[in-house]
Structure formats: structure tokens, C-alpha cells
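Scope of the values below: all heavy atoms of this structure, side chains included, with no hydrogens, waters or symmetry mates.
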Amino acid sequence: MLAASRDPVVAIATAPGRGGVGIVRVSGRGLTPFVQALLGRLLTPREATYLPFADAAGQPIDHGLALWFPGPNSYTGEDVLELQGHGGPVVLQLLVARCLEAARDVLPALRVARAGEFTERAFLNDKLDLAQAEAVADLIDASTEAAARSASRSLAGVFSGRIHALRDALVNLRMLVEATLDFPEEDIDFLQKADAAGQMRRLREALLAVLAQATQGALLRDGLQVVIAGQPNAGKSSLLNALAGAELAIVTPVAGTTRDVVQQTIQIEGVPLHVVDTAGLRDSPDVDEVEKIGIERAWGRIRQADVVLFLHDLTRCDAAAYQQADEVIATSLALAVGAGVPVLHVWNKLDQCPAAGIDLQGGLAISARQGEGLEALRQRLLAIAGWQQPGDGLFMARTRHLQALHRVDAHLAQADALLACRADHLDLLAEELRLAQRALGEITGEFTADDLLGEIFSRFCIGK
């Protein structure tokens with residue numbers, strides 16, 4: 001990967017499709033001869049120049065702006081040329097082809113960039129750390145305003161700054177332990193004199209604070225998979241429509257109307273919730289082959305859920321057959337989702353039947369048709385997700401960041417226990433601190449395997 005990153009690359013940097021403006025970007029080292037060959041002139045750095053983009057015969061392909069950023073003062077840290085023309089896909093492809101053609105004699109290694117390669121080069125050339133590079137993709141993919149703002153803070157280095165602060169405190173603690181190991185004959189207790197136990201306590205407290213914010217940031221990025229399940233005609237489709245504020249799913253009194261999965265992403269206080277309406281769960285001879293497939297897909301989505309809304313029908317809760325079917329579904333849900341996924345009981349049709357005397361099992365009574373109780377349901381979903389009203393410093397995070405922070409916490413917990421033993425286990429203490437620092441370094445890319453880098457950047461869009 002590192003060898004391939006030395007090749008100059010070209011790609012369309014704007015999204016596929018038609019638009020008013022389209023950008024073709026070239027990045028590499030020593031691009032000056034290429035700029036001369038392509039444009040017939042040199043450009044003033046960081047100054048927009050309007051000129052024709054001509055083909056090999058001198059006929060204009062387009063007219064637009066050319067921007068020249070000599071390295072290292074560029075996005076990638078290399079020489080970067082941007083051609084800003086009209087955003088037609090044919091025009092942009094012609095410009096890419098013209099770049100490759102003009103490079104044959106002066107820049108023969110020029111090739112089309114891989115997905116995410118421009119940002120990958122920015123990381124490899126120390127223009128961004130890995131957490132900031134990932135924030136670029138998160139900012140592009142943000143589905144809510146809160147997610148976009150959090151990704152922007154990560155891109156600006158807020159998350160990385162918190163990680164670097166943890167690393168500095170950890171390095172200082174490692175220095176004390178190493179000094180004690182290096183000078184065992186000295187009559188000096190470096191650890192006690194420097195209050196190593198107090199430093200460890202403060203480090204772990206700071207880590208937990210970062211982990212709490214990272215958990216919030218990961219929720220903003222990934223959202224919550226909410227699956228609505230229950231018997232036919234309990235009002236699942238009505239609830240989806242009510243939460244989404246649109247008629248997305250067909251609602252009829254006919255059992256089995258929903259035959260497939262219907263999903264809509266909504267946001268509550270900036271948190272994206274991916275709400276899934278599923279086919280009614282039942283075991284009846286009236287179920288045809290199409291509905292059976294819908295029920296199988298419903299169970300598949302239930303197994304992938306972060307939270308399940310088990311919807312009950314208040315108008316039928318006194319019927320023995322309905323109660324028995326609900327009990328069967330409840331047992332099956334417990335087996336399908338496991339202990340870690342909450343099942344929230346929601347009692348629908350409050351507008352038709354009062355909930356007095358009904359055991360809500362810790363759930364809520366609502367009317368999907370009238371909207372009663374929906375705000376309480378939204379707040380309960382946020383509470384289940386662990387969402388807390390964020391401050392201005394919330395940053396974006398990913399699952400791998402949370403995993404790394406949990407490993408740091410585990411290593412520090414071991415180190416804290418060893419620290420209490422003093423000189424008996426100093427070598428093990430030093431190793432636990434080293435592993436904790438390594439786990440922190442994985443977040444910013446200080447210690448990162450090439451295969452992980454390939455996986456991260458391959459998920460970027462082409463041209464970024």
C-alpha cells in the first residue's frame with residue numbers, strides 16, 4: 001500500500017451525477033511538468049485561474065478554474081491540482097482521460113485513484129491523524145445536523161486532542177515505572193514520591209469521561225436499530241408512520257397487510273433512529289407463502305435489533321387467544337435477541353381502549369393514530385440508547401474507537417491492581433501500561449496495521 005501511495009493519482013472529486021460544478025483532482029510529487037503539459041502554462045499557487053481545458057488537439061473540452069497547491073501546503077501534503085469545471089459526468093470523464101493522456105511523457109505513473117486515496121495520503125503525510133481522517137467520511141455521511149457538527153469537531157482535532165492528553169498522562173506514568181525498574185538499587189521510591197497512585201486514578205477518571213463522550217459520538221454516527229414487532233393489526237405500520245411523520249407503510253384492517261420489511265430513519269434530538277416495521281408475527285393456517293417469507297424476514301431483523309418495540313393491541317388484550325399468542329411471541333423474542341437487547345412493551349390504541357387495569361410490564365401506552373404517548377416513547381428510546389444531552393464539545397466516534405478505549409480501560413485496571421503491589425510486579429505493571437498506550441495509539445493511527453488502514457479508506461467515496 002505504501003509503495004502504491006507514491007504514484008501520482010487522478011480522480012473526479014465530486015459526487016456522481018450531474019451538477020453545476022464538477023472537480024477533477026490530481027495529487028502527487030513533482031507535478032509541475034504535468035501542469036505545464038496539461039494547461040500549457042504554470043499557475044500561481046493558491047490562486048484561481050480561469051482558462052480553457054483543452055484536449056491534445058487544442059480544442060476546449062470545457063472552461064473553468066484551475067487551482068494549484070504545491071506540497072506540502074495541500075490537503076494531501078503532495079502537489080495538488082484541481083480542475084473545477086461543469087458537473088456533467090461526460091465532461092469530467094473527458095478531463096480525467098485528458099489528464100492521463102497529458103501525463104504519458106512527463107508523468108507516466110499517473111493512475112486513477114482508489115476510493116479514499118486522497119485522504120489516505122493526507123494521513124500518511126501527517127496532515128491528518130487516523131481519527132481525523134475517519135471524521136472526513138463521517139462528515140460526508142452524517143444524517144443529522146448533530147452528527148455533522150460532531151464529525152466536524154473530530155475533523156478539527158477535538159477527539160484526537162483528548163486522546164493525546166490521555167497518552168501524555170500515560171507516558172508520564174510509564175516513565176515513573178521505568179525509572180523505578182532501571183534504578184532498583186537507589187533508595188528512592190519514584191512511584192510514591194510522584195504520587196503514581198493519584199496519577200493512575202486521575203488517568204482512569206479522564207479515560208471514563210472520554211469513553212462516555214465517545215459512546216455518545218458513536219450513537220450519533222451509527223444510530224439505533226429499532227424494530228417494531230407484534231401480532232398482525234396491532235398498529236405496527238401506524239406507529240412507523242406516526243414516528244416518521246409520513247404515510248410510509250400501508251395501513252388496513254386486513255391481517256397480514258405488511259408482507260415485507262419497511263424501514264425509515266428518523267431523528268430524535270439529533271440521534272438517528274432506524275425504525276423498522278415488520279410483518280405481523282403469527283402461526284396460522286391462513287398464512288400464505290408470501291407472508292411466511294415476510295415473517296421470516298421479520299425475525300431476521302429482530303435478531304439484528306438494538307431495541308425491539310413489542311407492540312400490543314389494547315382492544316384485544318382481554319381475549320385469551322390473543323394473550324396466548326403474545327406470550328408465545330414474548331418467549332420467542334427473548335430467545336431471538338438475547339439478554340443484551342432491551343424489549344420495550346408498547347400498548348397501542350389508547351384512543352379506543354383505556355389502559356386502566358392493564359399490566360404495562362414497564363412499558364408505555366400510546367395511540368399511534370392520535371399521537372398520544374409518542375413523545376414519551378421517543379424519550380424512552382433515547383434513555384434506552386444511553387443518550388444524554390451533549391455539550392458543545394461532543395465529537396464523532398466509531399465502534400473501533402470504543403473497542404480500543406475499552407481495552408485501554410482493561411489494561412489500566414490491571415495496572416492499577418499491580419501498582420498496589422509495588423515492587424513485586426513492576427515488570428508486569430510496565431507491560432500493562434505499554435499495552436494501554438498501544439491501544440490508544442490505534443485510535444489516532446500511531447500503531448495501526450496496514451490491513452486496517454485499507455479497510456478504513458476503502459469505505460470512502462471515490463475522489464476523497
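- Residues Pro72 and Asn125 have side chains not in contact (no heavy-atom distance under 4.5 Å, counting atoms from C-beta outward).
- Between the side chain of Gln132 and the main chain of Asp129, a donor-acceptor pair closer than 3.5 Å is present.
- Salt-bridge check for Arg400 with Glu134: passed, with a basic side-chain N closer than 4.0 Å to an acidic carboxylate O.
- Between His411 and Leu433, the closest side-chain pair of non-hydrogen atoms is not below 4.5 Å.
- Using modelled atom types, no side-chain atom of Asp79 and backbone atom of Arg29 make a donor-acceptor pair closer than 3.5 Å.
- At a threshold of 4.5 Å between non-hydrogen side-chain atoms, the residues Leu314 and Asn348 do not count as touching.
- Rounded to the nearest 0.5 angstrom, Leu281 CG and Ser332 OG are separated by 8.5 Å.
- Checked against side chain to side chain donor-acceptor pair (under 3.5 Å), Glu82 has the following partners two or more places apart in sequence or in another chain: Arg25.
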Run the numbers on Leu377 and Leu239 for side chain to side chain contact (heavy atoms under 4.5 Å, CB included), then give the verdict. CA-CA 11 Å; Leu377 175 58; Leu239 179 55; 4.0 Å; yes
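- Not a single donor-acceptor pair under 3.5 Å links the side chain of Ser237 to the backbone N or O of Asp277.
- Within 6.0 Å of CZ on Arg378 lie more than 12 heavy atoms contributed by other residues, nucleotides or ligands.
- Atom CZ in Phe310 sits 5.5 Å away from atom CG in Leu333 (nearest 0.5 Å).
- The CG atom of Leu419 sits 12.5 Å away from the CG atom of Leu428 when rounded to the nearest 0.5 Å.
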Go through it in stages, so that I can follow the logic: the residues are Val26 and Leu110, the test is side chain to side chain contact (heavy atoms under 4.5 Å, CB included), and I'd like the CA-CA distance, side-chain angles, deciding distance and then a yes or no. CA-CA 9 Å; Val26 185; Leu110 181 67; 4.0 Å; yes
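- Arg398 and Asp138 are joined by a salt bridge, as a carboxylate oxygen and a charged side-chain nitrogen come within less than 4.0 angstrom of each other.
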Output, in order, the C-alpha distance, side-chain angles, deciding distance and verdict of side chain to side chain contact (heavy atoms under 4.5 Å, CB included) for Ile443 and Leu130. CA-CA 7 Å; Ile443 295 175; Leu130 193 55; over 6 Å; no
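- In summary, Arg204 and Asp416 engage in a salt bridge, as defined by a charged side-chain N under 4.0 Å from a carboxylate O.
- Glu205 has no carboxylate O lying under 4.0 Å from a charged side-chain N of Arg202, or vice versa, which leaves the two without a salt bridge.
- Side-chain atoms of Val275 and Thr265, non-hydrogen and from C-beta on, never get closer than 4.5 Å to each other.
- The two residues Asp306 and Gly223 make their nearest non-hydrogen contact at OD2-O, 4.2 Å.
- Arg111 has a carboxylate O that lies under 4.0 Å from a charged side-chain N of Glu117, or vice versa, which qualifies the two as a salt bridge.
- From Gln225, atom CD reaches atom CZ of Arg301 across 6.0 Å, with rounding to the nearest 0.5 Å.
- With sequence neighbours excluded, the residues satisfying side-chain contact (heavy atoms from CB on, under 4.5 Å) with Ala48 are Leu65, Leu67.
- For the residue pair Gln437 and Arg174, a side-chain donor N or O sits within less than 3.5 Å of a side-chain acceptor on the partner.
- Considering every non-hydrogen atom in both Ser74 and Gly77, the closest pair reads OG-N, 3.1 Å.
- Remark: Arg438 does not engage Glu446 in a salt bridge, criterion side-chain N to carboxylate O under 4.0 Å.
- Contact between Ala234 and Asp313 at its shortest, heavy atoms only, is CA-CB, 4.2 Å.
- Here the closest non-hydrogen pair linking Ser152 and Leu139 is N-CD1, 4.2 Å.
- Considering CD of Glu375 and CD1 of Ile366, their distance stands at 12.5 Å, rounded to 0.5 Å.
- Of all the heavy atoms in Phe118 and Thr76, the pair that sits closest is O-CG2, 3.4 Å.
- Counting heavy atoms from C-beta on, the side chains of Val9 and Val112 never come closer than 4.5 Å.
- Partners of His401 by ring pair (Phe, Tyr, Trp, His ring centres under 6.0 Å), not counting sequence neighbours, listed by chain and number: Phe159.
- A donor-acceptor pair shorter than 3.5 Å can be found between the side chains of Thr119 and Tyr75.
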Stepwise side-chain hydrogen bond (donor to acceptor under 3.5 Å, both in side chains) test for Gln231 and Asp326: CA-CA 7 Å; Gln231 294 189 53; Asp326 256 8; 2.9 Å; yes
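- A heavy-atom distance below 4.5 Å is found between the side chains of Leu405 and Leu440.
- Looking at Ser150 and Phe395, their side chains never come closer than 4.5 Å, going by heavy atoms from C-beta outward.
- Of all the heavy atoms in Leu43 and Trp68, the pair that sits closest is O-CD1, 3.5 Å.
- Taking 4.5 Å as the limit, every side-chain heavy atom of Gln264 sits out of range of all side-chain heavy atoms of His274.
- Here the straight-line distance linking atom OG of Ser367 with atom CH2 of Trp347 works out to 16.0 Å at 0.5 Å rounding.
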Just do the side chain to side chain contact (heavy atoms under 4.5 Å, CB included) check on Leu418 and Glu432 with the steps written out, would you? CA-CA 9 Å; Leu418 292 167; Glu432 290 294 342; 3.9 Å; yes
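- In this structure, Arg167 places its CZ atom where more than 12 heavy-atom neighbours from other residues, nucleotides or ligands lie under 6.0 Å away.
- The pair Arg114-Glu120 counts as a salt bridge, with a side-chain nitrogen and a carboxylate oxygen less than 4.0 angstrom apart.
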